[in-house]
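One structure is given here, and the rest of the page talks about it.
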Protein chains: 2
Amino acid sequence: MKLNAGVEWVLHTCLNLGWIEEDTREGASTARLAAFYHLPPAYLGKQLQALVRAGILTSTSGPRGGFRLARRLEDISVLDVVTAIEGRTNAFECTQILHDGPGANPATDYRTVCAVSQTMSRADLAWRRELASETLADIRDRVLTFSPGAPRQTRAWFENTRA
Amino acid sequence: MKLNAGVEWVLHTCLNLGWIEEDTREGASTARLAAFYHLPPAYLGKQLQALVRAGILTSTSGPRGGFRLARRLEDISVLDVVTAIEGRTNAFECTQILHDGPGANPATDYRTVCAVSQTMSRADLAWRRELASETLADIRDRVLTFSPGAPRQTRAWFENTRA
DNA sequence: ATATCCTGGACATTACCTATCCAGAATTTC
DNA sequence: GAAATTCTGGATAGGTAATGTCCAGGATAT
């Protein structure tokens with residue numbers, strides 16, 4: 001039960017894009033976004049492509065191209081981002097082993113009926129609900145409280161490495 | 001982000017043990033517990049050993065030996081079982097990529113400070129809290145409501161395959 | 001003594017995550 | 001129009017963890 005490392009990467013990357021766009025009204029390329037944290041560029045690119053497919057980012061090809069936020073941080077929940085990378089699979093996947101036990105009804109879908117499955121589903125639901133209740137803007141605001149200089153520092157880095 | 005399959009196996013197995021012990025005051029061997037759902041015996045054995053180490057089951061060697069519940073279903077939370085199999089690792093593991101970004105403080109533990117990490121930790125906490133709030137007795141009672149014949153049917157199977 | 005059964009470790013297999021590379025298309029710049 | 005930049009999608013390789021098997025050893029009941 002471990003999330004893809006990409007979840008951490010893209011959450012931070014989206015926050016960075018928020019600060020960049022506030023300033024320059026431009027996006028950033030995979031290469032520079034990856035260099036910011038010394039992440040493998042090609043692999044981060046895969047994750048960003050997933051965000052584009054999920055409608056969280058937009059991309060443009062060519063020089064001066066790159067990725068931008070498709071909407072405001074207020075309108076992107078953490079769950080949106082997690083789901084884009086991780087898919088909709090639950091941590092607990094009911095394999096319906098009751099079907100292999102005595103007295104099983106072949107027509108029954110134990111994913112909805114089985115009491116064990118129900119309990120585990122509720123836990124997964126609680127996890128998702130928690131992530132759905134927080135937006136990237138909420139996270140950004142908490143970053144600002146803890147380290148107010150973060151936006152300026154991030155913008156400066158992207159400007160200085162522009163060439 | 002997927003739980004070990006063993007979680008499903010041992011949750012159902014613990015419920016079966018509950019019904020068996022109500023009746024015969026005896027445990028059941030790995031071989032028979034596995035046969036009940038056509039699970040690989042040796043691998044289920046590994047999972048049951050983990051439950052013994054966690055203090056959820058007790059085991060006895062030799063003929064008529066096997067596994068028994070170490071305490072009542074009322075006193076075993078679903079989280080206890082999940083943790084025994086899965087360990088205490090969270091779904092989201094903060095790799096502190098902020099340490100690799102500009103302006104990082106090498107002395108800072110970003111697992112507690114980073115706003116992204118905090119959000120993801122809260123979600124994991126909500127998941128655990130949900131699992132901790134439910135006991136195996138709760139699940140058993142819901143099974144009884146849905147299929148009152150389950151205990152009798154399970155006991156019958158274990159008695160008939162006794163030899 | 002013998003048969004049963006758990007224990008722990010070693011080992012093989014499989015699946016998935018991580019990561020790279022490349023050809024192709026889109027876009028800007030000159 | 002040519003060249004450089006950048007995203008896109010697919011193919012592929014490597015690594016790690018989950019899955020599954022096997023066996024020697026110890027414990028226990030008959």
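Per chain, numbering begins at 1; letters A, B, ... match sequence-line order.
For the pair Arg71(A) and Asp80(A), the salt-bridge criterion is met [side-chain N within less than 4.0 Å of a carboxylate O].
Residue contacts for Ala31(B): at a heavy-atom cut-off of 4.0 Å it reaches no nucleic acid atom on any strand shown.
For the pair Ser61(B) and dT4(C), the criterion of a side-chain N or O lying under 4.0 Å from OP1 or OP2 is not met. For Thr60(A), no side-chain nitrogen or oxygen approaches OP1 or OP2 of dT6(D) to under 4.0 Å. Residue Thr30(B) places at least one side-chain N or O closer than 4.0 Å to OP1 or OP2 of dC6(C). Between Arg53(B) and dT7(C) there is no side-chain polar atom (N or O) within less than 4.0 angstrom of OP1 or OP2.
The listed nucleotides are dT21(D), dG20(D), dT8(D); the one nearest the side chain of Gln49(A) is dT8(D). Considering only the side chain of Ala42(B), dT21(D) comes nearest among dG9(D), dT8(D), dT21(D). Distances were taken from every side-chain heavy atom of Val52(A) (C-beta onward) to each of dT8(D), dG20(D), dA19(C); the shortest belongs to dT8(D). Listed nucleotides: dT7(C), dT20(C), dT6(D). Nearest to the side chain of Ser29(A): dT6(D).
The residue from Tyr37(B), Phe36(B), Tyr43(B) that alone fulfils the ring-ring contact (aromatic ring centres under 6.0 Å, His included) condition with Trp9(B) is Tyr43(B). Evaluated for a side chain to side chain contact (heavy atoms under 4.5 Å, CB included) with Phe158(A), the options Leu33(A), Asp23(A), Leu17(A), Thr24(A) yield exactly one hit, Leu33(A).
Between the CD1 atom of Ile97(A) and the P atom of dT19(D) there is a distance of 13 Å, given to the nearest Å. Nucleotide dC5(C) holds its C1' atom 13 Å from the CG atom of Leu48(B), rounded to whole Å. Separating the CZ atom of Arg64(A) from the C1' atom of dT27(C) is a distance of 13 Å, rounded to the nearest angstrom. With rounding to whole Å, Ile85(A) atom CD1 is found 13 Å from dC17(C) atom C1'. In this structure, Leu39(B) atom CG and dT19(D) atom C1' are separated by 13 Å, rounded to whole Å. Summarising the geometry, the separation between OH on Tyr43(B) and P on dT19(D) is reported as 4 Å, rounded to the nearest angstrom. Residue Met1(B) contributes atom CE, which lies 24 Å from atom P of dT16(D) at whole-angstrom precision. One atom, CD of Glu8(B), and another, C1' of dA18(D), lie 15 Å apart when rounded to the nearest Å.
There is no side-chain donor-acceptor pair under 3.5 Å between Glu74(A) and Thr135(A). Side-chain polar atoms of Ser77(A) and Glu134(A) form no donor-acceptor pair below 3.5 angstrom.
Remark on DNA chain D: of its neighbouring residues Gly66(A) and Lys2(A), the 5'-side contact belongs to Gly66(A), judged by nearest-heavy-atom nucleotide. Sequence order on DNA chain C of the closest nucleotides to Pro63(A) and Gly6(A) puts Gly6(A) first from the 5' end.
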